[in-house]
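One structure is given here, and the rest of the page talks about it.
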There are 2 protein chains.
Amino acid sequence: MLIGDPARANILTALMSGKALTATELAAEAGVSPQTASSHLRKLEDGGLLRQRKQGRHRYFALRDEAVAQTLEALMGLAAHRGHLRHRTGPRDTALRDARVCYNHLAGDRGVQMFNAMRAQGHLCLEAGGLTLSRAGAGFVRDLGVDLEALDRSRAPMCRECLDWSARMSHLSGKLGRALLAQFCDAGWTRRQEGSRIVTFTPKGRAAFDRAFPA
Amino acid sequence: MLIGDPARANILTALMSGKALTATELAAEAGVSPQTASSHLRKLEDGGLLRQRKQGRHRYFALRDEAVAQTLEALMGLAAHRGHLRHRTGPRDTALRDARVCYNHLAGDRGVQMFNAMRAQGHLCLEAGGLTLSRAGAGFVRDLGVDLEALDRSRAPMCRECLDWSARMSHLSGKLGRALLAQFCDAGWTRRQEGSRIVTFTPKGRAAFDRAFPA
DNA sequence: TTCATAGTTCGATGCTAGTCGAAGTATGTG
DNA sequence: CACATACTTCGACTAGCATCGAACTATGAA
């Protein structure tokens, strides 16, 4: 079966953290060459254990669902040898990991925080194949100062899910993600560091952000 | 890993009935020669999946414990869900889905029905990381004829959640799950089919079961 | 004792499948 | 544009392992 091979076992173990990892990272993790890992990853995906997400030139792999994770957990329990510690992924620079610009929207831990809060509060809804702004969500972003009518004029997608490469969770992109970051800057919540992608929060901005998007 | 090989998978599947089988029987079940089976059985025992009991010139093999059975059940669930398991259609399959023995407790739709009813009636409580029998539940199972004091004497866990591969929901295992199935048989509610995992209900048993565990 | 059955170990064989080098595609960067 | 990076496919090599025949041990029956 699929789980038997040591390389695949390593890959699955690495993914037990719940994070999505790239093919190259998984190859290093499993101790095999990229092309070998590629072959394993395809088999695991065909076997229904993984799901894959393409983003730019990266391919992020994650366990397909909770049932797979649970079953693997049980298997790990049986196998006496426990998985070794995962090395930390993402940039060493903690500031970059905290908040940065991704194209032109907010990414990093703060981006993920915003995304999760908006989902939890019902402002963003994940419907069949697409992320949409709810009626309540429209009022919410208007209150934050976003000119929603201006956004409606362009045809570009309003909300998009973007996989965060440091947090390995989703954050918000699309027109709305872009407009929100612009609004944060206009309102003095955040400041861009020159010549870098780092976004720093002012003390007031940080407090206001946490109020609007409770973790 | 050990479970991967088809011959070994057949052996383990055969042992899911909870019965102990001899090496020769398992060879026939797996469709391999006795010497091949012997080699597999040794590996499975070394791997901690089986336990062996010598009796006369026979060697009886069984799954080592309930944890192994549960994990295998979960694995079969994944495989079945992804369609990688031989799909047997016909009455045998539906009977197996309805009620079967999982190691030594009741699984299938009826197992799930029992589990849900006991949760709904407050007989089973899901507390921090563990399933427990409530005070009311203790009275309930005593009324059904279970000798709870005898069960208390052993150290094995009383209640365990076991993921059902056909229903994809939980059913009850552990000492209590085992004792309940035994009680159903003693009371004439159910009957085991020889050489299979199917559990059939007598008409009276079915009615009594539905009264005790309303869907 | 002899015969039969249950199960094992040993050794040879053959095939599966994991592995990586080389080359190809796709995407981002300067 | 050229160049770098991420990842894939193709093909050949090879290690590992499942398989079974033959021979061995152990228990039981006559």
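Convention: sequence-line order gives letters A, B, ...; per-chain numbering from 1.
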- Partner set under salt bridge (Lys or Arg N to Asp or Glu O under 4.0 Å) for A:R51, not counting sequence neighbours: none

- Message: Could you work out, with salt bridge (Lys or Arg N to Asp or Glu O under 4.0 Å) as the rule, every residue matching A:R142, not counting sequence neighbours?
- Response: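 In terms of salt bridge (Lys or Arg N to Asp or Glu O under 4.0 Å), with neighbours along the sequence ignored, A:R142 is linked to A:E149.
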
- By ring pair (Phe, Tyr, Trp, His ring centres under 6.0 Å) - contacts of A:F213 (at least two apart): A:F140, A:F209

- Heavy-atom contacts, protein to nucleotides 4-17 of chain C, under 4.0 Å, summarised as B (base), S (sugar-phosphate only) or - (none) per nt, yield BBSSSB--------

- Task: Could I get the full list of side-chain contact (heavy atoms from CB on, under 4.5 Å) partners for A:T24, not counting sequence neighbours?
- Result: A:T22

- Query: Listed by chain and number, what are the side-chain contact (heavy atoms from CB on, under 4.5 Å) partners of B:A27, not counting sequence neighbours?
  - Reply: B:A37

Could you go through residues 181-190 of chain B and list every donor-acceptor pair under 3.5 Å that involves a side-chain atom there, pairing it with any protein atom two or more places apart or in another chain?
from: B:Q183; atom 1: NE2; to: B:L144; atom 2: O; distance (Å): 3.1

- Does B:R178 have any side-chain hydrogen bond (donor to acceptor under 3.5 Å, both in side chains) partners at least two apart in sequence or in another chain, and if so, which?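 Counting only residues at least two positions away or on another chain, B:R178 forms a side-chain hydrogen bond (donor to acceptor under 3.5 Å, both in side chains) with B:E66.
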
- What is the 5' to 3' range of DNA chain D, first to last nucleotide, that sits under 4.0 Å from any heavy atom of chain A? D:dA4 to D:dT9

